[in-house]
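Computed from heavy atoms alone, side chains included, the values below leave out hydrogens, waters and symmetry copies. Order of the sequence lines sets the chain letters (A, B, ...), proteins ahead of strands, with each chain counted from 1.
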Amino acid sequence: DQQVKQNSPSLSVQEGRISILNCDYTNSMFDYFLWYKKYPAEGPTFLISISSIKDKNEDGRFTVFLNKSAKHLSLHIVPSQPGDSAVYFCAASEGSDDKIIFGKGTRLHILP
Amino acid sequence: DAGITQSPRHKVTETGTPVTLRCHQTENHRYMYWYRQDPGHGLRLIHYSYGVKDTDKGEVSDGYSVSRSKTEDFLLTLESATSSQTSVYFCAISEVRGAVGYTFGSGTRLTVV
């Protein structure tokens, strides 16, 4: 059973608008959450993370929100740029176990 | 870019043959991981290593073995390749235990025919 779920396989957003990528998780023991970005023919690259003791973390155009009661997190990209077109993976881990569990990914298309 | 190299980048092999993929790092990181990426499945952990000769199984380890005789090298072996092992394989390294984020290699695209 999937512990990290990204229910939208793809998302299209107009350049300059806000992109919102969603992620749900089932394991209440997860205490660290990450987003990775992946371009074709490249490995995933770390984008932003959040600890379970926080509900928001911001880094430039990227903000991750965590709602622990709903077991839901989201990545906001504002404003969206053409270079943001990529696959985004939501990931999570449990403190006592450093292995990262990934979701299936969401392909983001930024439209001109 | 972190010093992590995967070889080969692409490989086509026949069903039933053994295949070894190599992950080489120059960062002296203790922790290394092998993932596979498949459409509809995202990234799934195959095997991981916490140091030389210290390896363990991930969630999709059947049909795979690993070895780590040196800090810098983590080898993934498909003992008898099957078509279901056609995938893109990624190696990742981490300096510390705990999910502070991995650094991934560029991947190996393996096709089993």
Minimal heavy-atom distance between A:Tyr36 and B:Phe104, with the atoms involved, is CE2-CE1, 3.7 Å
Tell me, yes or no, whether the heavy-atom count around A:Arg61 atom CZ, taken from other residues, nucleotides or ligands under 6.0 Å, exceeds 12.
yes
Hydrophobic clustering (ILVMFWY, side-chain heavy atoms < 4.5 Å, transitive) - are A:Phe62 and A:Leu108 grouped together?
yes
Tell me whether A:Lys104 contacts the main-chain N or O of B:Gly42 through its side chain, where contact means a donor paired with an acceptor under 3.5 Å.
no
Checking heavy atoms, do the side chain of B:Leu45, its backbone, both or neither come under 4.5 Å from chain A?
side chain
Treating Ile, Leu, Val, Met, Phe, Trp and Tyr as nodes and any side-chain heavy-atom pair under 4.5 angstrom as an edge, say whether B:Phe90 and A:Ile101 lie in one connected cluster.
no
Check step by step if side-chain contact (heavy atoms from CB on, under 4.5 Å) holds for B:Glu59 and A:Lys99.
CA-CA 11 Å; B:Glu59 62 179 304; A:Lys99 297 183 293 296; over 6 Å; no
Do A:Leu21 and A:Phe102 belong together in a cluster built from hydrophobic side chains that touch within less than 4.5 Å?
no
Which of A:Ala41, A:Ala91, A:Pro44, A:Gly103 touches chain B most, by non-hydrogen pairs under 4.5 Å:
A:Pro44
Chi angles and distances behind the side-chain contact (heavy atoms from CB on, under 4.5 Å) call for A:Ile100, B:Tyr35:
CA-CA 10 Å; A:Ile100 297 178; B:Tyr35 283 85; 3.9 Å; yes
Test of understanding: clusters of I, L, V, M, F, W, Y form through side-chain heavy atoms closer than 4.5 Å, transitively. Do A:Ile48 and A:Val13 belong to the same one?
yes
Per-residue tally against chain A (heavy atom, under 4.5 Å) across B:Gln37, B:Arg9, B:Arg109, B:Arg44 peaks at B:Gln37
Hydrophobic clusters here meaning ILVMFWY residues chained together by side-chain heavy-atom distances under 4.5 Å, can you tell me if A:Phe46 and A:Phe89 are in one?
yes
